[in-house]
Amino acid sequence: KKIRKFKGQCHFEQDCNLFISQEPGGVITWHRQDDVDTTWETSPGMDHTGEHGLYYLLSIRDLNQDRKSKLVTSQINHIWESCVNLWYHIHGDGILRLYYRRHGRDQLVKTLTDDGKKTWQRVQVEMPPNGYQVVIETEAPAARARDDVYWAIDDVIINTGRCRKP
């Protein structure tokens, strides 16, 4: 019996249909970035491949008063567990959290912070079977004097099955 594989992906080189909403309030805060004339203080300077390419970028200046933003995928309905792979880059003391959402409740899967290396990092997280949404949340500290915090994500890929070691 052949098992049908689910695959969702977003490389950001073209419009991405994987993500359906941004919260709170549906205000657009993430934007596609191509990094012409930027510095490490405002963005990674390139996509995760080290080439000129597009990715999603969020700056602390784009956040609302509660200093949080959520990017949410469409509903992923399948009966198998799956693996979410993505590349991320965090600059400053912001936090990036990955959740799965089921029945309106967010379950924390992974918390990521700036490791000080100023490089793209890859993360893989396993998601449960029987339907969910992936939620990517950013948060900046409330008492922030500097405005050089940013988050970037690239090549989000969701595959059926357990995660394999990179």
Q: With the side chain counted from C-beta on, respond yes when Glu139 and Ser69 share a heavy-atom pair under 4.5 Å apart, and no when they do not.
A: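 No, every pair of side-chain atoms sits at 4.5 Å or beyond.
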
Q: Side-chain contact test, heavy atoms from C-beta onward, threshold under 4.5 Å: evaluate it for Tyr100 versus Val134 and give yes or no.
A: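 Contact flag for Tyr100/Val134 side chains = no.
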
Q: With a 4.5 Å cut-off on side-chain heavy atoms, are Leu86 and Val123 touching?
A: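 Counting from C-beta outward, Val123 and Leu86 do come under 4.5 Å.
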
Q: Measuring only between side-chain heavy atoms, which start at C-beta, is Ile153 closer than 4.5 Å to Leu71?
A: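 Result yes, sub-4.5 Å side-chain heavy-atom pair found.
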
Q: Less than 4.5 Å apart, any side-chain heavy atom of Ile76 and any of Ile158?
A: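 Sidechains of Ile158 and Ile76: in contact.
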
Q: Which heavy atom of Arg122 sits nearest to which heavy atom of Asn85, and what is that distance?
A: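 What the structure gives for the nearest pair is NH2-OD1, 3.0 Å.
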
Q: Checking the side chain of Glu137 only, and the main-chain atoms of Leu96 only, is there a donor and an acceptor separated by less than 3.5 Å?
A: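 No, the answer is negative, given that no donor and acceptor are paired below the 3.5 Å cut-off.
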
Q: With no hydrogens and no angle check, do the side chains of Tyr132 and Ser82 hold a donor and an acceptor under 3.5 Å apart?
A: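 Present: a donor and an acceptor within the cut-off.
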
Q: Using the ring pair (Phe, Tyr, Trp, His ring centres under 6.0 Å) rule, pick out the option among Trp151, Trp120, Tyr150 that qualifies with His91.
A: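 Option passing the ring pair (Phe, Tyr, Trp, His ring centres under 6.0 Å) with His91: Tyr150.
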
Q: Hey, are the side chains of Cys83 and Gln124 touching, using non-hydrogen atoms and a 4.5 Å cut-off?
A: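 Touching, per the 4.5 Å side-chain cut-off.
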
Q: Hey, are the side chains of Leu112 and Arg97 touching, using non-hydrogen atoms and a 4.5 Å cut-off?
A: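 No, their side chains stay 4.5 Å or more apart.
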
Q: Rounded to the nearest 0.5 Å, what separates atom OH in Tyr88 from atom CG in Asp154?
A: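 These two atoms lie 14.0 Å from each other.
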
Q: To the nearest 0.5 Å, how far apart are CD in Gln121 and OG1 in Thr113?
A: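 Here the interatomic distance stands at 10.0 Å.
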
Q: Mind checking the CZ-CD spacing from Arg101 to Gln107? Nearest 0.5 Å is all I need.
A: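 Taking CZ in Arg101 and CD in Gln107, the distance rounds to 12.5 Å.
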
Q: Does any part of the side chain of Leu108, heavy atoms only, come nearer than 4.5 Å to the side chain of Lys110, both counted from C-beta?
A: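 Side-chain contact under 4.5 Å: no.
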
Q: Output yes when Asp106 and Lys70 qualify as a salt bridge under the 4.0 Å nitrogen-oxygen rule, no when they do not.
A: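 Salt bridge: yes.
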
Q: Is there a donor-acceptor contact under 3.5 Å from the side chain of Glu81 to the main chain of Pro129?
A: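 Absent.
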
Q: Show the numbers, then the answer: is there a side chain to side chain contact (heavy atoms under 4.5 Å, CB included) between Ile95 and Thr138?
A: CA-CA 6 Å; Ile95 299 167; Thr138 60; over 6 Å; no

Q: Quick one: closest heavy-atom pair of Gly131 and Arg102, and the distance?
A: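 Residues Gly131 and Arg102, closest heavy atoms: O-NE, 3.0 Å.
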
